[in-house]
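The structure appears below as structure tokens.
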Amino acid sequence: MSIDRVFAAACRQPLAILPSKVDEISAFLELRSKGVRFTRDEIQARVGPSRTGATATAPSSVAVIPIIGIISHRAPLINDMSSGGGTSTQQISVALRAALADPAVGSIVFDVDSPGGSVSGVPELADEIFAGRRKKPIIAQVNALSASAAYWLTAAASEVVMTPSGDAGSIGVYMMHRDVSVATAADGLKVTFVSSTDSPFKVEGNPYEPLSDDARAYIQKEVDRYMGEFVGAVARGRGVSVAKVKSDFGQGRIVGARDAVRLGMADRIATLRQTLTRLSAATPAVRGPSASSAFAGSPQDQLRLERQILRMVTSNDPAERLKGQRMRLEMQNR
């Protein structure tokens, strides 16, 4: 596949990924187009992580589902580049459904280390995660990056935990247009599109012509539409207003662990190992308006929630105490 066709494929879809990662991929593809070939280790070093081996031992009652590398819909984006480091929303969905259906699994942990990726499939998976937390606690462990599409999924979890050196955010959507018309002309080539009369916009945004004002306006409209879905999903998952997400959640920037907790983007700071240790001893509280309903299935579940709230309101962590107080108030007002 030529470099132009690869970029054309990327430009036709909305992206929720760190721009710096796209720059790395672009540089990689440019070198590939010039005949440069890389070893598997060099690909991983340039494009992104491909985690191997277990980072922590999970108790048998906890299902750990990795969300690592570039996120795509059906298969890791540009498979030969990611060298096995990508994740598809379909893979995550299958693992999530299996964990929710398994009676031996008491809680689910997403092990997240991703710069984001394509928007395709992400809203649907975020809805699944949000619905799933009514059945079982779902913890998103940022370990150590949850950016863009990855944070879209992370925010849908019952609880967001960040490793001390973690980063989260990059809330935003964009599409690209690559204008190669000048380079094509310099090579003595001219590309002409002849499209059907009844589809005047069929070839708009192609890379062989400058971007027209109409095409730019359409792309802007599409980007804003997906951004509206993104912000709405984050607000729902985190139990805050859309206005707060727009003003306080980084405005497209990534945020460190301490600031993320302060702003409400995450609930606590802990490593994956610490999170798994905590889960082996107690079930974490479910965040937001669904907290009480999630454990209202039996008197035993009710007692478990009350004990969890007591632990939270007596915690040494101010943020944890505040969260417990809010949950206690919710329980009293049911």
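Heads up: numbering here begins at 1 and tracks the sequence.
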Residues two or more places apart in sequence or in another chain: which of them pass salt bridge (charged side-chain N to carboxylate O under 4.0 Å, His left out) with Glu124? none
Can you find a pair of side-chain heavy atoms, one from Pro164 and one from Thr271, that are under 4.5 Å apart? yes
Closest non-hydrogen atom pair, Ala168 against Tyr151: CB-CD1, 4.0 Å
Begin with the C-alpha distance, continue with both residues' side-chain angles, and end with the deciding distance and a verdict on side-chain contact (heavy atoms from CB on, under 4.5 Å) for Ile139 and Thr275. CA-CA 9 Å; Ile139 296 83; Thr275 295; 4.1 Å; yes
Does the pair Thr163 and Ile269 meet the rule for a side-chain contact (heavy atoms from CB on, under 4.5 Å), with working shown? CA-CA 6 Å; Thr163 197; Ile269 298 174; over 6 Å; no
Please indicate whether Asp213 has more than 12 foreign heavy atoms, meaning atoms of other residues, nucleotides or ligands, lying under 6.0 Å from its CG. no
Arg238 vs Asp267, test: salt bridge (Lys or Arg N to Asp or Glu O under 4.0 Å). Steps then yes/no. CA-CA 9 Å; Arg238 297 303 301 158; Asp267 297 295; 3.1 Å; yes
Mind listing the closest non-hydrogen atom pair of Trp152 and Ala233 along with its distance? NE1-CB, 3.3 Å
Determine whether Ile71 and Leu153 make a side-chain contact, defined as any pair of heavy atoms from C-beta on separated by less than 4.5 Å. yes
Lys/Arg-Asp/Glu bridge criterion (N-O < 4.0 Å) met for Asp248, Arg262: no
How about Val109 and Leu272: do any of their side-chain heavy atoms sit closer than 4.5 Å? yes
So, do Ile138 and Phe130 sit near enough that their side-chain heavy atoms are less than 4.5 Å apart? no
Does the pair Arg216 and Ser212 meet the rule for a side-chain hydrogen bond (donor to acceptor under 3.5 Å, both in side chains), with working shown? CA-CA 6 Å; Arg216 178 183 291 276; Ser212 69; over 6 Å; no
Measuring only between side-chain heavy atoms, which start at C-beta, is Arg278 closer than 4.5 Å to Leu276? no
Could you report the tightest heavy-atom contact between Gly116 and Ser148, atom names first, then the distance? CA-CB, 4.4 Å
Apply side-chain contact (heavy atoms from CB on, under 4.5 Å) to residues Asp111 and Ile67 and explain how you reach the verdict. CA-CA 6 Å; Asp111 180 11; Ile67 302 179; over 6 Å; no
Pair Arg133 + Glu159, salt bridge at N-O below 4.0 Å: no
Would Asp179 and Ser181 count as a side-chain hydrogen bond (donor to acceptor under 3.5 Å, both in side chains) here? Give the steps. CA-CA 6 Å; Asp179 184 354; Ser181 58; 2.6 Å; yes
For residues Val255 and Val240: do they belong to one hydrophobic cluster (side chain heavy atoms under 4.5 Å, members Ile, Leu, Val, Met, Phe, Trp, Tyr)? yes
Check whether any side-chain heavy atom of Val119 sits under 4.5 Å from a side-chain heavy atom of Leu15, and report yes or no. no
For residues Asp127 and Arg236, report the shortest heavy-atom separation together with the two atoms involved. OD1-NH2, 3.0 Å
Is a side-chain donor or acceptor of Gln91 paired with a backbone partner of Ser88 at a separation under 3.5 angstrom? yes
Less than 4.5 Å apart, any side-chain heavy atom of Pro66 and any of Phe110? no
Please say which of Val231, Val234, Ile171 ends up in a side-chain contact (heavy atoms from CB on, under 4.5 Å) with Lys246. Val231
Would you check, one step at a time, whether the test side-chain contact (heavy atoms from CB on, under 4.5 Å) holds for Leu18 with Ile254? CA-CA 9 Å; Leu18 283 174; Ile254 58 172; 3.8 Å; yes
Hey, are the side chains of Lys136 and Leu100 touching, using non-hydrogen atoms and a 4.5 Å cut-off? yes
